[in-house]
Amino acid sequence: MAQVIAPVPTAEIALRSTAPWIIRARRLLRSSRPYYAALGLCMFFGAWFLLVDVFKVWRFRELPGLVPSVKEWLSPDPVYGVSIFTAEYYSHIWASVYRVYSAFISATILGIAIGVLMGWSRVFRGLTFPILEMLRPIPILAWIPLAILLVPGREAPIIGLTFLAAFFVTILNTLLGVRSIDEVYFRAARSLGFSNTAILFHVIVPGALPYIFIGLQIAMGACWFSLVAAEIVSGQAGLGYKVWETYYYVQYETMVIIMATLGLLGYLSSALVRFVGKRLMRWRVRLLAGV
Amino acid sequence: MTAVEANISRSMPTRVWRRIARYLTLELFLGIVSIGTIAVLWEFANPLGIPVLSNLPPLSEIVRTSQQLLTSDLYWDGWLLSIRRITSGFLLAQLIGVPIGLLMALHRASFEAAFPIVEILRPIPPVAWIPISILFWPTRELSVIFIVFLGAFWIVLLNTIGGASNVDPNYRRAALSLGSTPRDMFWRIILPATIPSIVTGMAVGMGIAWEMVVAAEMVAGRTGLGYLLWQSLEINAIAQCIICMISIGIAGFLSSEIIRLFGSFVAPWQRMH
Amino acid sequence: MSPIELTKERGVVLSNVAKTFGDEFDLIPVIHDCSFKIEDGQFTILIGPSGCGKTTLINLIAGYERPTSGRISCDGEEVRGPTRDRLVLFQETSLFPWMSVLQNVMYGPVVQGRKKSAQSEAVELLSKVGLQDFRDKYPNQLSGGMQRRAELARTLINKPRILLMDEPFRGLDAMTRQLMQEYLLKLFEGSRQTILFVTTEIDEAILLGDSLVLLSSAPTSVRECIRVDLPRPRSASMLTTQRYAQLKSKVLAILYQEALQSFASGSRAAADMIEAFELRHQAGEP
Amino acid sequence: MNGAVAAGALSIRHAGKVYDPEGLNVVALDGVSFDIRSAEFCVVVGPSGCGKTTLLNSIAGFDQLTFGEIYLDGAVLARPNKPPLPGADRIVVFQQGALFPWKTVLWNVSCGPIQQGKANRAAAERQARNLLSRVGLKGIENQYPGSLSGGTKRRVEIVRALMNEPKILLLDEPFRALDALTKSVVQEFLLELYDEIPKTIFFITHDIEEAIFLGDRVVVMTTRPGRVLRTIDVGIDRPRDYRVLTSERFLKLEREVRESIHDEARKAFEAGERELA
């Protein structure tokens with residue numbers, strides 16, 4: 001691309017006036033990324049199709065095929081009653097999404113509050129940190145039996161477990177975030193006459209935000225992981241329960257649909273957390289060069 | 001030095017005190033207080049009628065049942081089997097994950113081709129793979145190991161990619177100028193610089209591996225700590241449940257400590273601050 | 001552009017070099033039209049306001065980047081890519097943290113196939129820079145000044161044709177900086193190693209340099225070349241002589257306008273853009 | 001802004017600081033005494049480790065003296081182990097910069113008066129915009145500190161300090177991270193502001209040239225334990241600009257200070273190197 005690049009006068013180093021997303025789109029098309037990505041996806045689905053549907057190689061013959069699964073997913077009247085056109089599909093999705101997001105949001109609010117308190121007061125941290133450190137190594141899924149035995153009802157144990165998965169991670173990352181704030185910002189705030197609440201809202205929370213959002217990304221992933229396990233053991237509805245039920249009743253195509261849906265919802269949830277993070281932390285935008 | 005420490009140390013002005021004071025910090029004091037009160041509340045939960053803790057068997061009963069359990073072979077077999085599954089699944093995840101991660105970090109085409117697949121498969125919770133794993137793998141043991149493998153694989157893969165592609169460009173440029181061949185660049189510059197991220201990936205991966213062993217044994221396993229935990233759920237033995245949970249917690253803690261030691265051995269320059 | 005006859009004489013020659021970053025969507029010209037010469041056996045200084053593309057010039061001469069237009073030749077041949085003839089001391093230390101100081105210094109000879117003599121050469125050079133007791137320590141166990149000396153040893157063991165130094169003493173405190181300057185002077189006056197030294201400190205430039213290349217604010221072109229005719233060997237006491245004061249006021253007058261110009265050109269000052277771009281580019285964006 | 005009340009006279013009496021009284025007994029500050037008249041530009045210069053930062057922090061309220069007192073306008077400010085509360089009358093401009101990176105420039109500059117309840121948001125922001133444009137920083141009000149160059153960040157932080165009309169402006173080696181050319185531009189910016197809004201300034205640095213160029217009075221300190229080696233009245237009239245740097249009087253003063261401080265600094269350096277070996 002040996003265009004002659006005319007030196008642009010320094011005074012007005014103007015970005016072309018076209019909208020930024022058009023620029024990103026044109027840059028993407030010119031790079032090799034989309035073409036290799038397409039190649040990769042073809043190889044993956046091609047292998048699935050050849051190994052399972054066509055040649056039924058070795059153990060692959062036991063697995064659900066690519067074509068039947070996609071057909072089931074898209075058909076208006078699916079054999080086992082679950083496709084993008086049936087209400088049952090969306091009821092399971094809603095059950096899982098409701099559980100994950102109610103647990104995630106409450107864990108975020110409580111987790112950040114406790115994390116900030118632990119970061120702020122050394123006595124509170126002294127009291128609570130040892131307990132946290134003792135409970136943290138216990139895998140979340142190991143809490144399932146206790147949750148089922150102790151927590152009454154059907155929904156509560158599942159939401160409780162998903163809450164736990166996000167709770168520990170959020171507390172720890174908030175604590176890490178508060179401790180990472182340079183002492184100089186507290187000193188500047190105090191000498192500028194900030195009250196304690198002002199320091200909390202204008203220094204601690206925004207300062208800890210980068211770490212908090214690293215925690216929230218991990219927490220969202222952990223929520224979906226734990227939800228599926230909890231639903232398999234004690235759920236009535238929800239994608240995790242459905243995965244097990246379709247396996248039990250040998251409806252393998254539907255099982256693949258549910259797994260794909262879980263993957264999609266997991267990806268969208270993480271993308272949502274990243275999006276919210278970018279919005280709240282616009283100040284972290286790279287320097288003027290607009291990275 | 002906080003006020004509390006200041007007046008403690010002032011009362012005994014000897015040099016010896018300086019060394020003791022370093023341990024007798026405020027945190028240690030508060031830690032003992034908090035754990036102590038919880039243990040006491042737990043023990044006398046029933047008479048005091050404390051909401052959550054009263055449903056649990058008192059601490060003393062748990063200690064008694066643990067004595068029985070610790071002497072039973074089932075318990076220790078459970079440990080061995082779970083550890084065997086963890087090690088095989090975890091090691092496989094490193095042996096496959098690290099090389100692929102390095103390839104994807106250093107070879108642009110393979111990254112651009114493989115990354116979409118990673119983005120599709122990674123968000124699917126490994127527990128959701130259990131049915132497929134049971135169908136595909138001929139034996140139960142292999143299906144559990146596959147789930148453990150999945151748990152640790154994605155984490156170490158992404159950490160390796162992250163580590164290898166963010167090597168400080170000045171290291172690469174300095175090495176290039178000094179006359180390094182591509183082989184030198186990989187073995188003497190890129191790989192050592194990536195080791196810390198790989199170790200982080202292993203530590204996090206180990207945590208998730210233990211989560212997965214519990215889930216996999218819950219559904220597909222016939223033995224192991226996880227299965228023991230589910231059995232105690234079936235027979236409503238809360239005390240045994242708690243002991244199994246604590247044992248898994250200790251096992252998880254020990255294995256991440258092993259990873260940390262491995263990390264300080266493989267990347268000694270890290271802790272030399 | 002008329003084909004410039006590649007002069008055969010020694011040293012590095014830049015003729016009408018220009019460099020622009022970015023693709024056709026956001027074009028940032030960093031170097032407008034730079035032509036100057038780095039004579040053999042001379043201590044040449046590149047000095048200009050912050051964010052004026054000095055680091056990019058170093059990368060171009062070292063061969064890490066290709067110029068958008070114009071030509072760079074070293075001893076007559078065009079500069080194609082990095083070689084051990086043109087070694088760089090970066091602003092931040094680039095000692096390999098996973099190797100001991102000795103292994104770092106031996107790295108050059110080892111990868112060039114001179115394993116046998118590498119160890120003895122390295123040990124001898126380390127004692128010359130006063131780090132013989134730190135040979136087995138890791139870089140992060142050393143102070144800023146020591147890291148710089150170790151890096152100098154790692155560079156000089158390869159006997160480069162030209163040593164490129166990008167504000168190497170910027171992070172050091174005043175005292176260490178002064179001692180490192182004295183050390184570098186002793187080293188240069190002993191071996192007449194050709195050096196290109198980038199700095200923004202005028203005192204450092206005049207104390208160390210034989211010829212100063214004054215750069216304009218972004219996008220950079222050469223404002224002026226000034227010869228420093230202070231006698232050698234140089235010492236810190238020269239900083240307060242009358243001849244030094246004249247040189248300093250002349251350099252200050254020119255560079256002060258450039259520094260002001262890069263501040264004055266509005267809120268999106270060109271300097272901020274270039275400084276940001278260089279930071280991003282230095283971070284190795286593909 | 002010009003009718004700033006003529007206050008801010010500071011007097012330091014035998015200020016001393018001993019770290020870890022029980023154990024190693026490290027004397028950081030050994031009975032330092034000097035006065036700063038109201039609206040005087042006083043610069044304390046000394047090698048690293050001479051206790052100048054401890055002195056500044058004791059005035060600001062971030063550190064406490066072990067013995068000696070500090071008076072502000074006659075009233076007791078600091079006593080042994082009784083540090084003053086940090087307040088808007090003694091604003092500090094920190095070495096590594098303390099603009100809140102997550103707030104816009106306008107928020108940063110106007111937050112002082114707002115948080116102290118001296119002005120409502122609208123009035124404070126109007127005053128901030130006016131002050132920013134007066135010092136040539138127009139147009140960056142809505143940007144975040146992360147996207148500003150080093151020099152611009154320093155200037156905004158000085159403006160933020162002056163917005164609170166402090167009795168004393170405390171500057172802890174504020175230009176250390178800047179390269180020399182940007183430093184000279186920002187130094188001149190500070191001098192112009194000082195000429196326009198006279199304020200008592202307590203400026204600490206290890207750069208002798210900067211100390212003489214900026215200060216009316218320069219207090220030269222010895223290395224640890226910090227003591228006042230000598231005090232110099234610069235006596236170069238204002239307004240000053242970079243041409244002063246090569247004037248005859250400036251060079252004489254610089255030579256004087258450089259000799260008296262050179263062997264002090266070498267002692268500090270050798271002590272530092274020994275600790276590492």
Side-chain angles (χ1 to χ4, degrees), chain A residues 10-15 20 112 115-116 119 173-174 176-216 276-291, chain D residues 56-57 59-63 83-105 107-119 124 140 142-150 152-153 157 160-170 172 174:
Chain A
T10 58
E12 31 86 27
I13 298 173
L15 296 175
I112 292 180
V116 164
N173 276 280
T174 308
L176 216 60
V178 172
R179 308 283 291 166
S180 73
I181 300 172
D182 193 325
E183 169 65 16
V184 85
Y185 294 120
F186 290 106
R187 287 187 170 176
R190 254 184 244 113
S191 57
L192 286 165
F194 280 49
S195 65
N196 275 348
T197 42
I199 289 182
L200 179 65
F201 284 106
H202 296 303
V203 178
I204 291 181
V205 172
L209 226 47
Y211 276 90
I212 290 177
F213 267 89
I214 294 172
L216 293 185
V276 170
K278 270 208 185 69
R279 298 292 299 169
L280 284 177
M281 295 192 281
R282 275 194 309 284
W283 56 275
R284 278 170 64 92
V285 72
R286 274 291 157 272
L287 294 177
L288 287 174
V291 167
Chain D
L56 182 133
N57 284 337
I59 300 170
F62 301 126
D63 203 339
L85 277 173
D89 55 347
R90 291 153 285 118
I91 293 274
V92 181
V93 175
F94 296 93
Q95 179 177 341
Q96 68 271 45
L99 287 179
F100 302 121
W102 43 79
K103 298 284 184 186
T104 62
V105 165
W107 197 95
N108 264 292
V109 174
S110 59
C111 70
I114 294 172
Q115 293 299 337
Q116 292 150 40
K118 282 192 193 140
I140 56 169
N142 301 327
Q143 282 182 32
Y144 288 100
S147 53
L148 301 175
S149 71
T152 316
K153 264 192 275 211
E157 192 161 354
R160 174 173 81 173
L162 289 176
M163 268 290 287
N164 300 282
E165 291 163 8
K167 284 195 184 131
I168 291 185
L169 187 57
L170 302 160
D172 176 3

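Each chain gets a letter, A, B and so on, in the order its sequence line appears, and its residues count up from 1. Bear in mind the structure is a predicted one, so any value in this text is a computation, not a measurement.
A side chain to side chain contact (heavy atoms under 4.5 Å, CB included) with A/Trp283 is found for exactly one of D/Pro145, D/Pro101, D/Ser147, namely D/Pro101.
No other option in D/Gly61, D/Gly87, D/Ala88, D/Pro166 has as many heavy-atom pairs under 4.5 Å with chain A as D/Gly87. Here D/Gln116 is the residue among D/Glu157, D/Gln116, D/Gln95 with the most heavy-atom pairs under 4.5 Å with chain A. Among D/Trp107, D/Phe62, D/Phe94, the residue with the largest count of heavy-atom pairs under 4.5 Å with chain A is D/Phe62.
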**Request:** Walk me through it: do D/Arg160 and A/Leu192 pass the test side-chain contact (heavy atoms from CB on, under 4.5 Å)?
**Result:** CA-CA 9 Å; D/Arg160 174 173 81 173; A/Leu192 286 165; 3.8 Å; yes
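Contact between D/Trp102 and A/His202 at its shortest, heavy atoms only, is NE1-O, 2.7 Å. Across all non-hydrogen atoms, the minimal contact from A/Val184 to D/Gly97 is CG1-O, 3.9 Å. When all heavy atoms of A/Ser191 and D/Ile91 are compared, the closest pair comes out as O-CD1, 3.7 Å.
Only the backbone of D/Leu99 comes within contact range of chain A, judged by heavy atoms closer than 4.5 Å. Using a 4.5 Å cut-off between heavy atoms, D/Asn57 contacts chain A through its side chain alone, with no backbone atom that close. With a threshold of 4.5 angstrom between heavy atoms, D/Gln96 approaches chain A through side-chain atoms but not through N, CA, C or O.
When atom types are taken as modelled, the side chain of D/Gln115 and the backbone of A/Ser195 share no donor-acceptor pair closer than 3.5 angstrom.
In this structure, D/Phe100 and A/Tyr185 have tilted ring planes: the angle between them lies in the 30° to 60° band.
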